[in-house]
Structure formats: C-alpha cells, structure tokens
Number of protein chains: 2
Amino acid sequence: MIKTAKDIFSEFLTRKGLRQTKQREQILDEFLAAKAHFTIDEFYNILKKRDQSIGSATVHRNLRLLCEAGLAEEIKIGSGKARFELTFGQPHHDHLICLKCGRFIEVFDNQIEILQGKLAEANDFLPQKHKLEIYGYCRQCR
Amino acid sequence: MIKTAKDIFSEFLTRKGLRQTKQREQILDEFLAAKAHFTIDEFYNILKKRDQSIGSATVHRNLRLLCEAGLAEEIKIGSGKARFELTFGQPHHDHLICLKCGRFIEVFDNQIEILQGKLAEANDFLPQKHKLEIYGYCRQCR
DNA sequence: GGTAATGATGATAATTATTATCAATAGGAA
DNA sequence: TTCCTATTGATAATAATTATCATCATTACC
Ligand SMILES: [Mn+2]
Ligand SMILES: [Mn+2]
Ligand SMILES: [Zn+2]
Ligand SMILES: [Zn+2]
C-alpha cells in the first residue's frame, strides 16, 4: 500500500508526539490543493475563506512543520517573502524566474546536478541541498 | 588609463545628476576595504567607528546605489538579512555555503554556466543573471 | 466514558529588517 | 555668494516573522 501525504504527515505528528488538530488537517488539505510557489499570506487568505477564525501564527507554524515532515520546501526569492511548494512525490527541480511577470518555470538538468556534485567535492564540501535560480524574461515578457 | 571603482562611482553620480557627499566617499572607501558577504549592519558598525554621526538609512540607500552603479551585488541567503559583495573587477562566481559555520566558498564552473544558458534557451527564456548556492558542510565542519 | 495533563491555538506584543517622511543641511551650478 | 534641490539623519512606518500567554482541545490514562 502506497503512502499518501496525509499518511506521512500523520505519522510524522505521532512520531514527534504532536497532536492531530482541525487546523492541521485544514492546512494540509489546502496545501495539497494549492498551486506551487505561494506566499504565506496568499495561503493564509485561502484558509480564511474556509475558517474565518484561523490564526496567521498557526499557518506560519504549520507550514514550517510541513517542511520538517519533508512534504514542503521553502523558497526565498528576491522580495524576501517566503514561498512554499509541495515536494512530496515531486521530483527535484530548479527555477527560471521572470523578472517582469514573476512566473516560475520549473526545470531540471541532470548534467548540471552532476557537475554541482563534482564542484562541491573538489572543494572538500559535503553538499546537502542547493538552489539554482535563473532570473530573466519569459517567452511572454521578453 | 584604467578606471578605478572610484572613477566608476563618480561618473555614475554625475551621469545621474547625483551629488558627491562626504558620506558617499566614506561608504565607498569602506566598501572597497571590507571583506565580502558582509551584512548591512556589520558594515554600518564599521562606518560608525569612522563617523559616529552617519545614519543607517544613508548606508542602506548608498549600498543600493553601489549596486545600481554596478560595483556591488546583493546576496540574499537563508536568514533574510541582505549581504553585499564587491563585483567590480571581480569575475562572476557562485557560492558554497556552510550550514554550520556560515563560511562562503567562492566557486566557478564554466561548464555549469554554459549548461545554464542552454537550459534557459530550451525554455524560451532570456537569462539576465542567476544564483547558484550549494548548502552543506565545509572541510572544517563535516 | 470521564478526566487530568499538556500540546495547540489565536490574539497580541515583540522583534527584525527595511523603507518612507521630513525638516535641516550642504553640494554645486550660475 | 546665492539659490535650488539632493541628501542626510532622526524618526516613524511598514512588512514579515516570531514570542508570549491565557484559553481551548486532544489524547493518554483510569
Ligand atoms: Mn517549483
Ligand atoms: Mn562571493
Ligand atoms: Zn514573464
Ligand atoms: Zn563550515
């Protein structure tokens, strides 16, 4: 039987001695339905439509929990505002980011990944993760 | 005759109709002497030793001006705090960043640069700049 | 099922980084 | 020197996130 994101999060909570709450369920539901690269307040506004009483601190706290559980990843681009995306079941990728319209284009180049590993190794460096962002103009905006 | 960073900045100011000020001269001096990847407040503290009266808004404003003039570049890493480094006369490079001690290791791999260009092209994307950061553990910290 | 222990929530305040405002100052063209 | 206005520094404002804490709700235990 294959594990769903809900299974993963539920097991993560149990393992950490954390509790299942209505808010955590709502947040996970909306997170799985949301489009990638959202900002916290975009996400917070979606959640408020469903539950007027939810607090922004709870959204912050639980998005970070989703990251800890390995389901989400934080992306920090120029503005400083944190964005998140689903990583569970998604292959690793990097981003082309349009300077005009803000679009994120997801890309992957295995050759670059390999060369990055070699570059780290050549510097006695043990890589854990990386961020490659290419800024420029997309087809519609160039 | 070869242009110094001071020449570049001076010409930039003239071209933009901006004024030469004591603060701008101090900031450029210390910027050229500073070690790379400093945060604004690290830099601000250095400047205050020289001129107790300098304001932090002035430092912010003028570091951004140095970027506009093409002498500096802003680096935003995890913490959200902006860092700057001298780019004038320095070849382009990327960074390995130690998760434990915070060290920045400067690296360059031409093959990666070329593949990045191809990756952008394959997506109808006109690249302007990029950021490659590999996070992990340096020799001393692994 | 009932209940106590304690983790989670949401309102609010605090913090951190940066930017805007504005009266006073000073660069520099004429 | 005069005058215009860009610049400065103090301060307030903004923006994003995090800490605090009284109250609430989940869960382990009887
Ligand atoms: Mn993505
Ligand atoms: Mn560098
Ligand atoms: Zn675009
Ligand atoms: Zn290190």
Side-chain angles (χ1 to χ4, degrees), chain A residues 6 9-31 37-69 72-84, chain B residues 6 9-31 37-69 72-84:
Chain A
K6 291 197 176 200
F9 194 48
S10 181
E11 284 169 20
F12 170 82
L13 292 175
T14 304
R15 178 157 26 90
K16 291 265 181 178
L18 305 174
R19 294 174 179 173
Q20 311 275 153
T21 66
K22 174 168 65 85
Q23 290 85 346
R24 286 187 172 146
E25 194 182 337
Q26 289 172 345
I27 287 169
L28 179 55
D29 282 352
E30 292 299 344
F31 173 65
H37 319 127
F38 59 80
T39 62
I40 299 187
D41 61 289
E42 283 166 1
F43 189 60
Y44 177 50
N45 287 326
I46 292 172
L47 281 161
K48 271 209 299 215
K49 285 183 192 151
R50 200 170 137 171
D51 178 352
Q52 185 57 40
S53 75
I54 197 163
S56 99
T58 301
V59 178
H60 272 87
R61 281 187 292 241
N62 285 301
L63 280 172
R64 313 237 174 259
L65 260 197
L66 289 176
C67 291
E68 250 195 82
E73 205 161 87
E74 190 175 341
I75 319 168
K76 280 222 174 169
I77 61 150
S79 71
K81 207 178 282 194
R83 291 171 179 272
F84 292 83
Chain B
K6 291 198 175 201
F9 194 47
S10 181
E11 283 169 21
F12 170 82
L13 292 175
T14 304
R15 179 157 25 90
K16 292 265 182 178
L18 305 175
R19 292 172 181 173
Q20 312 273 155
T21 65
K22 173 168 65 85
Q23 291 85 344
R24 285 186 174 148
E25 193 181 338
Q26 289 172 344
I27 287 169
L28 179 55
D29 281 353
E30 293 298 346
F31 173 65
H37 318 128
F38 59 80
T39 62
I40 299 187
D41 61 289
E42 284 166 2
F43 189 59
Y44 177 50
N45 287 326
I46 292 171
L47 281 161
K48 270 208 299 214
K49 284 182 194 152
R50 201 169 135 170
D51 178 353
Q52 185 57 41
S53 75
I54 197 163
S56 100
T58 301
V59 177
H60 272 88
R61 280 186 293 241
N62 285 301
L63 279 172
R64 312 236 172 261
L65 259 198
L66 289 176
C67 291
E68 249 195 83
E73 205 160 88
E74 190 175 341
I75 319 169
K76 281 222 172 169
I77 62 151
S79 71
K81 208 177 281 194
R83 291 171 179 271
F84 292 83

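Chain letters run A, B, ... following the sequence lines, proteins first and then strands; every chain starts at 1.
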Calculate the interatomic distance between [X] atom [atom1] and [N] atom [atom2]; express it in whole Å.
| X | N | atom1 | atom2 | value |
| --- | --- | --- | --- | --- |
| K81(A) | dA17(C) | NZ | P | 18 Å |
| I54(A) | dA8(C) | CD1 | C1' | 12 Å |
| K76(B) | dA16(D) | NZ | C1' | 11 Å |
| F12(B) | dA6(D) | CZ | P | 15 Å |

Does any part of the side chain of [Y], heavy atoms only, come nearer than 4.5 Å to the side chain of [X], both counted from C-beta?
| X | Y | answer |
| --- | --- | --- |
| K81(A) | I40(A) | no |
| F12(A) | R15(A) | yes |
| R64(B) | E68(B) | no |

- Task: May I have the step-by-step check of side chain to side chain contact (heavy atoms under 4.5 Å, CB included) for N45(B) and K48(B), ending in yes or no?
- Result: CA-CA 5 Å; N45(B) 287 326; K48(B) 270 208 299 214; 4.0 Å; yes
- Note on the structure: In B/S/- notation (B base, S sugar-phosphate only, - none; protein heavy atoms under 4.0 Å), nucleotides 23-30 of chain C written 5' to 3' is ---BBS--
- Message: Contact list please: residues 56-65 of chain B against DNA chain D, heavy atoms, distance less than 4.0 Å, in numerical order.
- Response: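 Correct list: T58(B), R61(B), N62(B).
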- Task: Scan residues 39-52 of chain A against DNA chain D and write down, sorted by residue number, each residue with any heavy atom closer than 4.0 Å; if none is found, say none.
- Result: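 Heavy-atom contacts with DNA chain D come from I40(A).
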- Message: If you assign G17(B) and S53(B) each to the DNA chain D nucleotide with the nearest heavy atom, which residue ends up on the more 5' nucleotide?
- Response: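 Its nearest nucleotide lies further toward 5', so the answer is G17(B).
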- Query: Of L66(B), D51(B), T21(B), which is the lone residue that meets side-chain contact (heavy atoms from CB on, under 4.5 Å) with I27(B)?
  - Reply: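 Going through the options one by one, the only one that passes is L66(B).
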- Worked check of side chain to side chain contact (heavy atoms under 4.5 Å, CB included) between Q23(A) and V59(A): CA-CA 9 Å; Q23(A) 290 85 346; V59(A) 178; over 6 Å; no
- Item | Stepwise side chain to side chain contact (heavy atoms under 4.5 Å, CB included) test for E30(A) and Y44(A) | CA-CA 10 Å; E30(A) 292 299 344; Y44(A) 177 50; over 6 Å; no
- N/O donor-acceptor pair under 3.5 Å between R24(A) side chain and R19(A) backbone: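 Present.
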- If you look at every heavy atom in Q20(B) and S10(B), which pair is closest and at what distance?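 What the structure gives for the nearest pair is OE1-OG, 3.2 Å.
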- side chain to side chain contact (heavy atoms under 4.5 Å, CB included) evaluation trace for L65(A) with L18(A): CA-CA 10 Å; L65(A) 260 197; L18(A) 305 174; 4.1 Å; yes
- Angle class for the F43(A)/F31(A) ring planes (parallel below 30°, perpendicular above 60°, tilted otherwise)?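 The rings of F43(A) and F31(A) stand perpendicular, inter-plane angle above 60°.
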